Trainee: 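Just dropping this structure here.
Computed from a predicted model, the values in this text were never measured in an experiment. Excluded from the calculations below are hydrogen atoms, water molecules and symmetry mates; all remaining heavy atoms, backbone and side chain alike, are included. Protein chains get the first letters and strands the later ones, always in sequence-line order, with residue 1 at the start of each.
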2 protein chains.
Amino acid sequence: MEKITINSVAKHAGVSKKTVSRVLNNEANVSDATREKVLAAFKELDYKPNPIARGLANNRSFIIGCLYDNPSKSYITRVQTGALAACQEQQYNLLIHPCELRGQALLDNIDTLLHTSQLDGIVLTPPFSDQKPLVDFLKAKKIPYSRVASVLLEDDSISIGSNDGYAAYEITKLLISLGHTEIAFIKGHPDHSATEQRLLGYKQALEESGLPFKESLIDEGNFSYHSGEDSARRILNLTPRPSAVFASNDYMAAAVLKVASQLKLSVPHDLSIAGFDNAPIARHIWPGLTTIAQPVEQMTHIAVTKLIEQIKNPELENYQENLPARLITRESTGPYRSS
Amino acid sequence: MEKITINSVAKHAGVSKKTVSRVLNNEANVSDATREKVLAAFKELDYKPNPIARGLANNRSFIIGCLYDNPSKSYITRVQTGALAACQEQQYNLLIHPCELRGQALLDNIDTLLHTSQLDGIVLTPPFSDQKPLVDFLKAKKIPYSRVASVLLEDDSISIGSNDGYAAYEITKLLISLGHTEIAFIKGHPDHSATEQRLLGYKQALEESGLPFKESLIDEGNFSYHSGEDSARRILNLTPRPSAVFASNDYMAAAVLKVASQLKLSVPHDLSIAGFDNAPIARHIWPGLTTIAQPVEQMTHIAVTKLIEQIKNPELENYQENLPARLITRESTGPYRSS
DNA sequence: CTGAAAGCGCTTACAG
DNA sequence: CTGAAAGCGCTTACAG
């Protein structure tokens, strides 16, 4: 069978290919009768426009790039799900680009990506979304981008956030309401702005409840399970031992649970544990983790949708939105008991 | 700044654009002197060929599609990692396409994908890689494809496998060598051919050791954590209670561990548990899971590399390879003790 | 409301 | 070994 192109359709419908193009792009200035004829031809010939030809004529690729560097597979999958849905709705393709923030020559890497894949736009996920040099680079190159981030900058870019600080505040408040006063905190990776936000929420909850902030209860993690194990060993050997631990993500919280088990501590009887992210592991371990669920898919979906809208219409003003997170209470947190 | 195209390079180097094209594609029949001149021009102008224009002229997109439908995020990520690496090595882009095997009109979905994204080829991961109708469809459409699969068909397609049956045999043998005779088995999702392969390996190990195969010890799962919980509740209430459980993947094995904890059974003292896949959860829970590690990234890498080679040279004969899996022993398995 | 021309940045024949 | 022409399947000006 021969190839069905815009020319076949034009011939079949008895119009010029420019007219076919108009119908294809939903342009005005086509009479209803003509439009009908062309649409009928589309159906009869089972015509599918060639996006490559379209791209060349338009100087567009209809491809959005998605940048990430995250140890959590479930987070990545959620980002992809949201981005993919938005792309499909608008007939765009999604190109995934995992890469290391700390890798050499990030900007070179991105520059090459932009050229070789001819991206029309790029969506930045944490920690890239908080990288000033990267954002400036894209701005200078005039590449449309949008950010899925934990902080809304006073930037003029498209950013979709979720209030990490407030969520951390809420979960700390929960621990306090259960009677805990010695609450350890495990920090995340310093490259992520969420790390600082979550710590701020923790501090604020303590302060509001009149509890002292103790530097000795703060431990450095980096979001990995392994770092959580190390932190847990240090924290659970403190005297007095904290009665609760709030880890900045669920992997580290799961590691705390493991170390607690090894130390024969019963959770939540001897120790309450809270995490962040609602990763699958939060419900795959026992006891399940009390944690924070963010609407990651939805955030990414909006970020990509707005990005494509801006690509189609560069005049569009920028868009910022903060979506709410949700506290999920499971079995890993319980009332304080003196030991 | 103006755009650098093949014309700019041709002018700069003082040759025709056809000659530039030859250098670009590493074709023969270019004098060394000319080649040098052109290469120098590439550098001086920082020329990057436009893949879209190339694609249109070639009737190629330089895009490979990756099809998957898998509940395990870590598996998906591993597949993507391998596929992405292979694509980048050969200057291809990767398009991810999660979709439901059981969804309505799979073939329509794929047909649309092929057209709207202009894929040059497609890599099938389980369970798609075992779908005869899908494979036949691609063959009829003459779309190059390759399979990452648990079974090598006597098919003429590119397939990269790993011997699931043998791995399941090995892990069952391990349990038997530890003294277990009542070993329950939780099956995976029926759509995956791995499900049957793993059961076969289990059976073979029993048989070889002179142990009877008991239908009552086999439970239906579907690879999800939830199904593992259900199976575990049934299995751990059997009389006599099995002293070991081999679950067809790690999520179900983790669920068995959870149910065992709830029933106050100590692992591995009262119950040994083995999984499959070496998912992150296998080392994130305590005790860690004895399991099987397959070289998923490597399998996918080879599958995509061979696919692209075949796209570039359709004369190439098909390629089949089986990679070995590896048994990983952790704390969840131990010697049999009578209760 | 409709169309003929030129062009997007490359490559495939075809000449020489 | 090198190049001028035509074309890939669309779209953007420009006319009418």
Trainee: Please determine, for the side chain of K3(A), which listed nucleotide (dG9(D), dT11(C), dC1(C)) has the closest atom?
Mentor: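 Selected nucleotide: dG9(D).
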Trainee: Provide, to the nearest angstrom, the distance between the CG atom belonging to D32(A) and the C1' atom belonging to dT2(C).
Mentor: 15 Å
Trainee: To the nearest 0.5 Å, how far apart are NZ in K306(B) and CD in E309(B)?
Mentor: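 Result: 4.5 Å between the selected atoms.
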Trainee: Can you tell me the Watson-Crick or wobble partner of dA4(D), both distances under 3.5 angstrom?
Mentor: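 Checking every strand shown, dA4(D) finds no partner, since no pair has both distances under 3.5 Å.
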Trainee: Going from CG on L67(B) to SG on C99(B), what distance comes out if it is rounded to the nearest 0.5 angstrom?
Mentor: 4.5 Å
Trainee: Between dT11(C), dA13(D), dG9(D), which nucleotide gets closest to the side-chain atoms of T5(A)?
Mentor: dG9(D)
Trainee: Can you check the L56(B) CG to dT11(C) P distance for me, whole Å?
Mentor: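 Nearest whole value for this atom pair: 11 Å.
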Trainee: Give the rounded distance in Å between these two atoms: CD1 of I6(A) and P of dT12(D).
Mentor: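 Nearest whole value for this atom pair: 11 Å.
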Trainee: Judged by each residue's nearest nucleotide on DNA chain C, which is more toward the 5′ side, R22(B) or N58(B)?
Mentor: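 Here N58(B) is the residue nearer the 5' end.
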Trainee: Name the nucleic acid region contacted by P49(A), choosing base, sugar-phosphate or nothing; use a 4.0 angstrom heavy-atom cut-off, strictly under.
Mentor: sugar-phosphate
Trainee: Where each residue is assigned the nucleotide of DNA chain D containing its nearest heavy atom, which of N50(A) and V15(B) is assigned the position nearer the 5′ end?
Mentor: V15(B)
Trainee: Compare side-chain N and O positions of S16(A) against OP1 and OP2 of dG3(C) and report whether any pair is under 4.0 Å apart.
Mentor: yes
Trainee: CZ of R54(A) to CG of N59(A): how many Å apart, nearest 0.5 Å?
Mentor: 15.0 Å
Trainee: Hey, is the side chain of S21(A) poking within less than 4.0 Å of OP1 or OP2 on dT11(D), counting only N and O atoms?
Mentor: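 Indeed, a polar side-chain atom of S21(A) lies that close.
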Trainee: Is the distance from OP1 or OP2 of dT11(C) to the nearest side-chain N or O of R54(B) less than 4.0 Å?
Mentor: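 Checking R54(B) against dT11(C): at least one side-chain N or O falls below 4.0 Å of OP1 or OP2.
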Trainee: Hey, does the side chain of T19(B) come within less than 4.0 Å of dT2(D)'s phosphate (OP1/OP2), counting only N and O?
Mentor: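 No, no such contact exists.
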Trainee: Find the distance K18(B):NZ to dA5(D):P and express it as a whole number of Å.
Mentor: 16 Å
Trainee: Measure NZ/K37(B) against C1'/dT2(D) and give the value in whole Å, please.
Mentor: 11 Å
Trainee: Rounded at 0.5 Å granularity, tell me how far OH in Y68(A) sits from CD in Q80(A).
Mentor: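 The OH atom of Y68(A) sits 4.5 Å away from the CD atom of Q80(A).
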Trainee: Rounded to the Å, how far apart are N7(A) CG and dC10(D) P?
Mentor: 8 Å
Trainee: Show, in sequence, the C-alpha distance, side-chain angles and deciding distance for D111(B) and K141(B), and conclude whether the salt bridge (charged side-chain N to carboxylate O under 4.0 Å, His left out) test is met.
Mentor: CA-CA 9 Å; D111(B) 197 33; K141(B) 283 238 162 190; 2.7 Å; yes
Trainee: Within this structure, what is the CG-to-P distance between N29(B) and dT12(C), rounded to whole angstrom?
Mentor: 14 Å
Trainee: Is there a side-chain polar atom (N or O) of T34(B) under 4.0 Å from OP1 or OP2 of dC1(D)?
Mentor: no
Trainee: Nearest-Å distance, CD (E36(B)) to P (dC1(D))?
Mentor: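 Rounding to the nearest Å, CD of E36(B) and P of dC1(D) are 14 Å apart.
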Trainee: Is the phosphate of dT11(C), meaning OP1 or OP2, less than 4.0 Å from a side-chain N or O of N25(B)?
Mentor: yes
Trainee: Name the residue closer to the 5' end of DNA chain D, choosing between A28(B) and A53(B) according to the nucleotide with the nearest heavy atom.
Mentor: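 Closer to the 5' end of DNA chain D: A28(B).
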Trainee: Does Q91(A) CD have over 12 foreign heavy atoms under 6.0 Å away?
Mentor: no
